[in-house]
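Below, all heavy atoms of this structure are taken into account, side chains as well, without hydrogens, waters or symmetry copies. Remember, it's 1-based here, ligands and their atoms both numbered in the order they're listed. Here the structure is a predicted model, which is why all the values come from computation and not from measurement.
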Amino acid sequence: MIDLHSHTLHSDGTDTPEQLALLGEAAGLHALALTDHDTLDGIPAFLAMQDKVKVRLIVGTELSCRFLGRSLHMLGLLVDPADEVFQGRLRELRGRRDDRNGRMVLKLQELGFHITTEDVQAQAKSPLLSRVHFAKALAAKGYVKHPQQAFEGILDDNGRAFVPREELEPDIAARWIHEAGGVPVVAHPGRFAGGKFQWDEAMADLQRKGLEGFEAFYGEYAAGQQSYFTALAARLGMVMSGGSDYHGANKPGLALGRGRGGLRVPDELLEGLEARQKRGSWN
Ligand code: AMP
Ligand code: MN
Ligand code: MN
Ligand code: MN
């Protein structure tokens, strides 16, 4: 059993990279990928744990793309963390996020919420701020009863204070991941567009744009979704990935390796991803 999608406090999660590696060991995983959003900052501490745990520690990151007018997440698995060009590209993405967050603070202030960037930063353990931290800041100031309520009209995609982030085109993201020696796969396609989206043609389109595979196994899929995506991968000749999308205390009830309980990602998926990486099929 493996888990190729998880987060630490370097993005939306709550565990340190060291804790995550130990949790992977305790869960009896054979491999565990750390895939924080827009950053590899947790990777050195994560890989430093390799001689203390038997679980194989895998490098990854998660990027946000724009596809069919919506946000689509892409994992870059097996990227080289020493690749300076890729690190610079990630820094650029984080800069775009900071710009957007600054504009969202101004918009909240215009709407009468007395929230500063410092208030938002106070809710985060790392410099990477997301709407999750905005939601916690609004709750801490008493504007909403609990953070989730901030996603009902204020911070959600249709919310009054929402400011969109400039997101990557999928072909650009796939190229960046390839150039860093990794394998680009679509994260949780079964969550796209509310989960009712018909993927067959759209996935073939992403394949033409350089995507190699997608998550056929995911911490929050229903059984029917897993079998649909497994069959789709076979039809298109794409590789499969899978993981829990573990976020620590930020996603209560979701366990590393096991998701909401029924998840079990087979070891062979990692072999398939590594075969893709070696083949370098994008060249
Ligand atoms: P950002 O990357 O700053 O746009 O924030 C994205 C994060 O906000 C996601 O990872 C979710 O954790 C959270 N989020 C976005 N929309 C919602 C929603 N409708 N309900 C709850 N959380 C959400
Ligand atoms: Mn997240
Ligand atoms: Mn995601
Ligand atoms: Mn994720």
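Not one N or O of D156 is nearer than 3.5 Å to an N or O of ligand 1, by distance alone. For ligand 1, the polar-atom distance check against D157 finds no nitrogen or oxygen pair separated by under 3.5 Å. In terms of N/O distances under 3.5 Å, ligand 1 is not approached by H37.
Judged by distance alone, the side chain of H247 and the main-chain N or O of D245 form a donor-acceptor pair under 3.5 Å.
For an aromatic pair to be called close, the ring centres must be under 6.0 Å apart, and Y228 with W199 fails this. Between F229 and F217, the ring center distance fails the sub-6.0 Å criterion.
When only non-hydrogen protein atoms are considered, atom 5 (O) of ligand 1 lies nearest to R131 N, 3.4 Å. Nearest to atom 13 (C) of ligand 1 among the protein's heavy atoms is F151 CZ, 3.7 Å. For atom 21 (C) of ligand 1, the closest non-hydrogen atom on the protein side is Q148 OE1, 3.3 Å.
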Inset, instruction - Show the numbers, then the answer: is there a side-chain contact (heavy atoms from CB on, under 4.5 Å) between L72 and L206? - result: CA-CA 11 Å; L72 176 85; L206 288 175; 3.9 Å; yes
Inset, instruction - List the steps and the verdict of salt bridge (charged side-chain N to carboxylate O under 4.0 Å, His left out) for E274 and R56. - result: CA-CA 13 Å; E274 287 181 308; R56 210 180 126 201; 2.6 Å; yes
Inset, instruction - Kindly determine whether D119 and L138 satisfy side-chain contact (heavy atoms from CB on, under 4.5 Å), including the steps that lead there. - result: CA-CA 9 Å; D119 295 332; L138 286 169; over 6 Å; no
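The Mn ion (ligand 3) has no N, O or S atom of H37 under 2.8 Å away, backbone or side chain. At a threshold of 2.8 Å, the Mn ion (ligand 4) has a backbone or side-chain N, O or S atom of H7 nearer than that distance. Using a cut-off of 2.8 Å, one finds that H5 contributes no N/O/S atom close to the Mn ion (ligand 3). Backbone or side-chain N, O or S atoms of D12 do not reach the Mn ion (ligand 4) at under 2.8 Å.
Contact atoms of ligand 1 toward R100: 1 (P), 3 (O), 4 (O) (distance under 4.0 Å to a heavy atom of the residue). Within ligand 1, the atoms closer than 4.0 Å to a non-hydrogen atom of R165 are 2 (O), numbered from 1 in the order shown. Contact atoms of ligand 1 toward V132: 8 (O), 12 (O), 13 (C) (distance under 4.0 Å to a heavy atom of the residue).
Within the 4.0 Å heavy-atom criterion, neither part of H247 lies near ligand 1. Under 4.0 Å from ligand 1, the heavy atoms of D12 that appear belong solely to its side chain.
Residue D38 is tested with R165, R96, R94 for a salt bridge (charged side-chain N to carboxylate O under 4.0 Å, His left out); the sole match is R165. When each of D41, D36, T61 is tested with S11 by the rule side chain to side chain donor-acceptor pair (under 3.5 Å), just one qualifies, namely D36.
The minimum heavy-atom distance linking L273 with V183 is given by the pair O-CG2, 3.6 Å.
Nearest N/O/S atom of E62 relative to the Mn ion (ligand 4): this is OE1. Atom OD1 is the N/O/S atom of D245 found closest to the Mn ion (ligand 4).
For the pair E25 and K54, the salt-bridge criterion is met [side-chain N within less than 4.0 Å of a carboxylate O]. With respect to the salt-bridge test (charged N to carboxylate O, under 4.0 angstrom), the residues D12 and R131 do not qualify. Between D200 and R235 there is a salt bridge, with a side-chain nitrogen of the basic residue lying less than 4.0 Å from a carboxylate oxygen of the acidic one.
The angle subtended at the Mn ion (ligand 3) by NE2 of H188 and ND1 of H73 is 100°, given to the nearest 10°.
Using a 4.0 Å cutoff on heavy atoms, R97 counts as a contact of ligand 1.
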